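Below is one structure, written out as structure tokens; comments come after it.
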Amino acid sequence: MSGKPNELKRAELAAVIGAGVLGGGVALLLDRALKPYTLPILLLGLFVHGWGMYDKHRLESGSDTARLWWAEWLYWGCWLALLSLGLYVVLSGGLSPLFH
């Protein structure tokens, strides 16, 4: 594995994107059954994904692994996307079911 951090990062990225697309497909198949749980699932996914990104970035920052520019862009771009999603949920009234 030494000397191939780009290949490892690409494989991890492909696996994560594939898992996300697969999860989206399953959610579309089970649309009616999952509808009442949309917000809790969204918030759980946001929290777990955010924690995983943060923890991985923290671990990599403290190691001898070379920092890849595109991995850094993806990391910060993902945080921007999560923030945007959170703002959308709040501004669209998506949190209102939690307070009724």
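Everything numeric here is computed off the predicted structure, so don't read it as measured data.
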**Request:** Mind checking side-chain hydrogen bond (donor to acceptor under 3.5 Å, both in side chains) for W76 and listing every partner two or more places apart, or none if nothing turns up?
**Result:**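 W76 satisfies side-chain hydrogen bond (donor to acceptor under 3.5 Å, both in side chains) with no residue once adjacent residues are dropped.
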**Item:** Pairwise ring-ring contact (aromatic ring centres under 6.0 Å, His included) hits with a residue in residues 27-51, at least two apart
**Value:**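 For residues 27-51, and leaving out neighbouring residues, the ring-ring contact (aromatic ring centres under 6.0 Å, His included) pairs sorted by first residue read W51-Y54.
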**Spatial distance of atom CH2 (W79) from atom CE (M53) [nearest 0.5 Å]** =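 Output value for this atom pair is 4.5 Å.
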**Prompt:** What residue pairs, at least two apart or across chains, pass salt bridge (charged side-chain N to carboxylate O under 4.0 Å, His left out) with a residue in residues 8-23?
**Reply:**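 Output for this query lists K9-E60, E12-K56.
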**Message:** With salt bridge (charged side-chain N to carboxylate O under 4.0 Å, His left out) as the rule and sequence neighbours excluded, what pairs involving residues 28-41 come up?
**Reply:**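 Not a single pair qualifies under salt bridge (charged side-chain N to carboxylate O under 4.0 Å, His left out).
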**Request:** Using side chain to side chain contact (heavy atoms under 4.5 Å, CB included) as the criterion, point out the one residue from V48, L46, L42, I41 that pairs with L44.
**Result:**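 Checked V48, L46, L42, I41 against L44; only one passes side chain to side chain contact (heavy atoms under 4.5 Å, CB included): V48.
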**Message:** I'd like to check the side-chain contact (heavy atoms from CB on, under 4.5 Å) partners of S61; sequence neighbours left out, ordered by chain and number.
**Reply:**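 So S61 forms a side-chain contact (heavy atoms from CB on, under 4.5 Å) with H57, R67.
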**Under the side-chain contact (heavy atoms from CB on, under 4.5 Å) test, residues paired with L87 that sit two or more places apart** =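 Applying side-chain contact (heavy atoms from CB on, under 4.5 Å) to L87 gives L83.
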**Asked** How does the hydrophobic cluster around W69 look, that is, which other residues are in it when side-chain heavy atoms under 4.5 Å mark a link?
**Response**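 Other cluster members: L13, I17, V21, L68, W70, W73, L74.
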**Request:** Output the rest of the hydrophobic cluster of L91: all Ile, Leu, Val, Met, Phe, Trp and Tyr residues reachable through side-chain heavy-atom contacts under 4.5 Å, sorted by chain and number.
**Result:**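 Members other than L91 - counting any ILVMFWY side chain reachable under 4.5 Å - there are none.
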**Prompt:** What pairs meet the side-chain hydrogen bond (donor to acceptor under 3.5 Å, both in side chains) rule with one or both residues in residues 82-91, with sequence neighbours excluded?
**Reply:**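 side-chain hydrogen bond (donor to acceptor under 3.5 Å, both in side chains) check on residues 82-91 returns no pairs.
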**Considering all heavy atoms, the nearest A33-P36 contact** =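 Smallest heavy-atom distance, with atoms named: O-CD, 3.6 Å.
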